[in-house]
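Below is one structure, written out as structure tokens, with a few remarks after it.
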Amino acid sequence: QVQLVESGGGLVQAGGSLRIPCTASGRTFSMSWMGWFRQAPGKEREFVAAVSWITGSTDYADSVKGRSAISRDIAKSMVYLQMNNLRPEDTAVYYCAADTKSVPGRDPARWNYWGQGTQVTVSS
């Protein structure tokens with residue numbers, strides 16, 4: 001089992017920046033990918049970004065590409081999502097996820113482990 005805990009959400013003005021950390025514990029050695037998803041009210045959970053725990057390769061949704069950066073700290077078992085130039089449409093609950101499959105992909109149903117989520121609100 002892998003446990004994930006997000007922190008660092010909050011209220012930010014449009015155009016601002018925010019960094020969300022996620023701490024993993026438990027069987028972290030079994031992780032292959034860590035990622036971020038988000039869910040806005042009335043919408044399905046959607047992929048934001050992911051990073052290979054082993055190689056550091058990254059993947060981004062088109063909606064955040066160029067404005068966001070995902071990074072990992074293996075020694076601390078942490079992953080970070082840095083978001084810049086935030087927009088009101090970025091408002092959502094952001095979830096940290098982890099998986100042990102070689103390529104879990106962008107479908108949230110394929111990811112095994114989830115944090116409790118942290119609210120990010122962007123005001124216009």
Side-chain angles (χ1 to χ4, degrees):
Q1 294 290 331
V2 174
Q3 293 79 43
L4 304 170
V5 178
E6 307 96 336
S7 59
L11 176 64
V12 62
Q13 288 189 333
S17 297
L18 196 66
R19 190 177 81 152
I20 308 173
C22 172
T23 304
S25 60
R27 297 172 61 89
T28 58
F29 61 86
S30 67
M31 298 190 304
S32 58
W33 284 79
M34 291 193 75
W36 288 94
F37 292 75
R38 67 186 182 187
Q39 188 166 17
K43 294 187 176 181
E44 294 185 350
R45 192 169 298 189
E46 65 175 6
F47 171 80
V48 177
V51 60
S52 168
W53 199 244
I54 300 171
T55 68
S57 297
T58 57
D59 185 25
Y60 295 94
D62 289 343
S63 58
V64 303
K65 192 176 294 184
R67 301 189 293 124
S68 298
I70 187 170
S71 60
R72 76 204 195 293
D73 185 329
I74 296 175
K76 295 182 179 179
S77 294
M78 295 187 72
V79 66
Y80 306 90
L81 181 66
Q82 174 72 42
M83 296 184 291
N84 304 315
N85 191 21
L86 283 160
R87 305 165 181 169
E89 53 265 39
D90 293 318
T91 296
V93 176
Y94 282 72
Y95 295 91
C96 179
D99 201 77
T100 58
K101 292 187 287 294
S102 59
V103 184
R106 299 184 175 189
D107 183 354
R110 288 176 51 81
W111 290 70
N112 283 338
Y113 302 106
W114 294 89
Q116 81 287 352
T118 185
Q119 177 71 46
V120 172
T121 303
V122 183
S123 63
S124 57

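Only heavy atoms go into these numbers, but all of them, side chains included; no hydrogens, no water, no symmetry mates.
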Notebook entry, point to check: Which atom pair, heavy atoms only, marks the closest approach of E6 to G117?
Noted result: OE1-N, 2.9 Å
Check: Distance from L81 atom CG to S71 atom OG, nearest 0.5 Å?
Finding: 8.5 Å
Checklist line | Transitive ILVMFWY side-chain link I20 to V12, under 4.5 Å | finding: yes
Note to self: On a heavy-atom basis, which atom in P108 and which in W114 lie closest, and how many Å separate them?
What the structure shows: O-CZ2, 3.3 Å
Item checked: Matching residue for F37 among Y95, W111, Y113 - test: ring-ring contact (aromatic ring centres under 6.0 Å, His included) -> W111
Check: Among V48, T58, V64, which one satisfies side chain to side chain contact (heavy atoms under 4.5 Å, CB included) with I70?
Finding: T58
Next item on the list: Cation-pi check, R110 to W33: give yes when NZ or CZ is under 6.0 Å from the six-membered ring centre and within 45° of the ring axis, no otherwise.
Entry: no
Checklist line | Check: D99 side chain, N112 main-chain N or O, donor-acceptor pair, under 3.5 Å | finding: yes
Next item on the list: Only pairs at least two apart or in different chains count here, so list each disulfide (SG to SG under 2.5 Å) that has a residue in residues 54-84.
Entry: none
Checklist line | Heavy-atom closest pair, residues S124 and A14 | finding: CA-CB, 4.3 Å
Next item on the list: Verify the cluster assignment for L18 and V51: are they in a single hydrophobic cluster under the rule of side-chain heavy atoms below 4.5 Å apart?
Entry: yes
Item checked: W53: ring-ring contact (aromatic ring centres under 6.0 Å, His included) partners, not counting sequence neighbours -> none
Next item on the list: Could you give me the CA-CA distance, side-chain angles and deciding distance for Q119 and L11, then say whether side-chain contact (heavy atoms from CB on, under 4.5 Å) is met?
Entry: CA-CA 8 Å; Q119 177 71 46; L11 176 64; over 6 Å; no
Item checked: Transitive ILVMFWY side-chain link I54 to L4, under 4.5 Å -> no
Item checked: Single-linkage hydrophobic cluster V103~V79, side-chain heavy atoms < 4.5 angstrom -> no
Next item on the list: Return the set of residues passing side-chain contact (heavy atoms from CB on, under 4.5 Å) with T28 (not counting sequence neighbours), or none when no residue passes.
Entry: A24, M31, S77
Checklist line | Pairwise disulfide (SG to SG under 2.5 Å) hits with a residue in residues 1-115, at least two apart | finding: C22-C96
Check: Considering residues at least two apart in sequence or located in another chain, which fulfil the salt bridge (charged side-chain N to carboxylate O under 4.0 Å, His left out) criterion with R87?
Finding: none
Check: What's the spacing between M78 CE and R72 CZ if we round to 0.5 Å?
Finding: 14.0 Å
Checklist line | pair K76-P21: side-chain heavy atoms closer than 4.5 Å | finding: no
Check: Would you find a donor on one side and an acceptor on the other, under 3.5 Å apart, between the side chain of T118 and the backbone of Y94?
Finding: no
Next item on the list: Kindly give the heavy-atom pair with the smallest separation between V2 and A98, and that separation in Å.
Entry: CG1-CB, 4.5 Å
Notebook entry, point to check: Is the backbone of R27 close enough, under 3.5 Å, to the side chain of S30 for a donor and an acceptor to pair up by distance?
Noted result: yes
Margin query: If you count every heavy atom of other residues, nucleotides or ligands that lies below 6.0 Å from Q1 atom CD, does the total exceed 12?
Written below: no
Notebook entry, point to check: R67: what forms a side-chain hydrogen bond (donor to acceptor under 3.5 Å, both in side chains) with it, not counting sequence neighbours?
Noted result: D90
Next item on the list: Give, for atom OG of S7 and atom CZ of R19, the distance between the pair rounded to the nearest 0.5 Å.
Entry: 9.5 Å
Note to self: Whether the side chain of R106 engages the backbone of Y60 through a donor-acceptor N/O pair (distance < 3.5 Å, no angle test) should be reported.
What the structure shows: yes
Checklist line | From S68 atom OG to N84 atom CG, the distance as rounded to the nearest 0.5 Å | finding: 7.0 Å
